[in-house]
2 protein chains.
Amino acid sequence: MKKILIVEDEQKIRKVIKSYLQDEYNIFEAVNGKEALSLFKTKNFDLIILDLMLPEISGEEVCQTIRQVSEVPIIMLTAKSSEENKIEGFDYGADDYLTKPFSPRELLARTRAILRRSSNQNRASIISLNRGEFKIYPDEMTVKKEGQECDLTSTEFKILMTLINNAGQVLSREQLADQVMGLEFSGFDRTIDAHIKNIRKKMNLDKDQYIVTVYGAGYKFTGDI
Amino acid sequence: MKKILIVEDEQKIRKVIKSYLQDEYNIFEAVNGKEALSLFKTKNFDLIILDLMLPEISGEEVCQTIRQVSEVPIIMLTAKSSEENKIEGFDYGADDYLTKPFSPRELLARTRAILRRSSNQNRASIISLNRGEFKIYPDEMTVKKEGQECDLTSTEFKILMTLINNAGQVLSREQLADQVMGLEFSGFDRTIDAHIKNIRKKMNLDKDQYIVTVYGAGYKFTGDI
DNA sequence: AGAATATTTGATTATTTTTTGAGGTGGCAG
DNA sequence: CTGCCACCTCAAAAAATAATCAAATATTCT
């Protein structure tokens, strides 16, 4: 889960932001610039949401300090509404700006957009199995066997990708369910089995080809990628 | 090194932009529309960054004039006050737009994105589908099926173009909404569905023709372009 | 301002996927 | 070899998601 640092002195605003982001992200909080900078040194955040108006060290300073050593995306929250101030403020190296009062939903949308952009830079490329017999296109969510589309559902595809991304490792049904359906999923073991069955059937795999059942433990992906 | 032309009357902004782009690109500057057009005639730019609000000749005019003879990517800068005009910006043939005050880092990110895209595939001015059954005219925002105009609205057209520009890739409803209605849009998912329905109806498409629903994920454009 | 268009929305229906439970299968330890 | 337990399969139920529609808003045009 991606880690986001919220730097905001007003507790109320911090809380609202947190409530909107915590379902998708791992939230850390700092109430002033000093705390922010010391937290920043200890963790690798994926995004920083930074209030401009902070006690002691200002948001601008925090932003500039961080920029000297890191390219982490920064969204700045500014209370100054006059356009003049914003233009002056826009060169501290932030990636985006929101003027208070802002809509938390918009903040969420911008957060997603920025994180998408930064994760898009190393976009997953085509995965080829068995010298081209299978081709997997992560962006397109498709799998082809000898040019013919296998038509996996999104859950099936996610399970397959999880196995591939952890190739060689045995993943328990629980680990797979956590990854694919989310932690709150509390269904039966057989759910994963059913999906695995469908994947094997749709990709026409033998039971020991690529997706191997590890008796008493789970499944693992084997074979050259 | 790729050549970028910045057309902006405010020196301060021009300077900031230049400082962010000059490491990677060869920067040229114009302070008004006239200068821009005359520079444009002498050099083959890879990208033009164009302020909408210019003295003498407006940014829109500059954009239209350039578009009459060239497919060079254009990023438009628009002032917050004319936010309603954003949509029109696309009509003038801009490839992307940023609202002032904007973040220079975001401009850099979009610049890289656009140049990466345009180096891969120089977009045709007319897109033909299924050996001419459909013809799409991006500049005119029209789609014809066997010569007959399909009469898409601008939102519908933009959704279609977004899908085509990312052909093969699955785009979530949120991504589509971000691209087409902007990040501040916070409406319901069904909005996109409704537009897709209209596009399919107006273009008389089957559900698996070109615009494919990817259950649980979004939509994608498939088929030869 | 009023009409015409376009967009958004909420409700309803339709569709697809996911989950589930039961029964069958087969490996593995004793 | 035998029985147990984990796994596989299947099909039906349940849940999730998408399509469609009509009405409410918003926008644009005249």
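Lettering follows sequence order; numbering is per chain, from 1. The figures here come from the full heavy-atom set of this structure, side chains too, leaving out hydrogens, waters and symmetry mates.
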Closest approach to the side chain of B:Thr153, judged atom by atom: which nucleotide of C:dG10, D:dC7, C:dA6 is it?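 Selected nucleotide (nearest to the side chain): C:dA6.
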Which nucleotide in C:dT8, C:dG10, C:dT19 has an atom nearest any side-chain atom of A:Met181: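 Minimum distance to the A:Met181 side chain belongs to C:dT19.
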Check whether any side-chain N or O of B:Thr155 sits under 4.0 Å from OP1 or OP2 of C:dA6, and answer yes or no.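 No, because none of the side-chain N or O atoms of B:Thr155 sits under 4.0 Å from OP1 or OP2 of C:dA6.
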Can you see if the side chain of B:Arg200 gets near the phosphate of D:dT20 - specifically, an N or O under 4.0 Å from OP1 or OP2?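 It does not, given that no N or O in the side chain of B:Arg200 lies less than 4.0 Å from OP1 or OP2 of D:dT20.
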Picking from A:Asp51, A:Thr111, A:Leu77, what satisfies side chain to side chain contact (heavy atoms under 4.5 Å, CB included) with A:Ile17?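 Output: one option passes, namely A:Leu77.
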Report the residue from A:Asp46, A:Leu47, A:Ile49 that forms a side chain to side chain contact (heavy atoms under 4.5 Å, CB included) with A:Pro73.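 Looking at A:Asp46, A:Leu47, A:Ile49, the match for A:Pro73 under the side chain to side chain contact (heavy atoms under 4.5 Å, CB included) is A:Leu47.
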Does B:Tyr215 make a side-chain donor-acceptor contact with the base of C:dT16, cut-off 3.5 Å?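 Per atom types, the contact qualifies.
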Of A:Lys207 and B:Asp193, whose nearest nucleotide on DNA chain D comes first from the 5' end?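 First, find each residue's nearest nucleotide; the 5'-ward one identifies A:Lys207.
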Test of ring centre spacing under 6.0 Å for B:Phe45 and B:Phe40: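 Aromatic pair excluded; centres sit 6.0 Å or further apart.
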Separation of [X] atom [atom1] from [N] atom [atom2], in whole Å?
{"X": "B:Ile196", "N": "C:dT9", "atom1": "CD1", "atom2": "C1'", "value": "17 Å"}
{"X": "A:Lys202", "N": "C:dT16", "atom1": "NZ", "atom2": "P", "value": "12 Å"}
{"X": "A:Phe157", "N": "C:dT17", "atom1": "CZ", "atom2": "C1'", "value": "17 Å"}
{"X": "A:Lys197", "N": "D:dC7", "atom1": "NZ", "atom2": "C1'", "value": "13 Å"}
{"X": "B:Arg190", "N": "D:dA18", "atom1": "CZ", "atom2": "P", "value": "6 Å"}
{"X": "B:Asp189", "N": "D:dT20", "atom1": "CG", "atom2": "C1'", "value": "16 Å"}
{"X": "B:Leu205", "N": "D:dT20", "atom1": "CG", "atom2": "P", "value": "12 Å"}

Report the end-to-end axis angle of the helix from C:dA1-D:dT30 to C:dG30-D:dC1; each axis comes from five terminal pairs, and the value is rounded to 10°.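 End-to-end axis angle: 40°.
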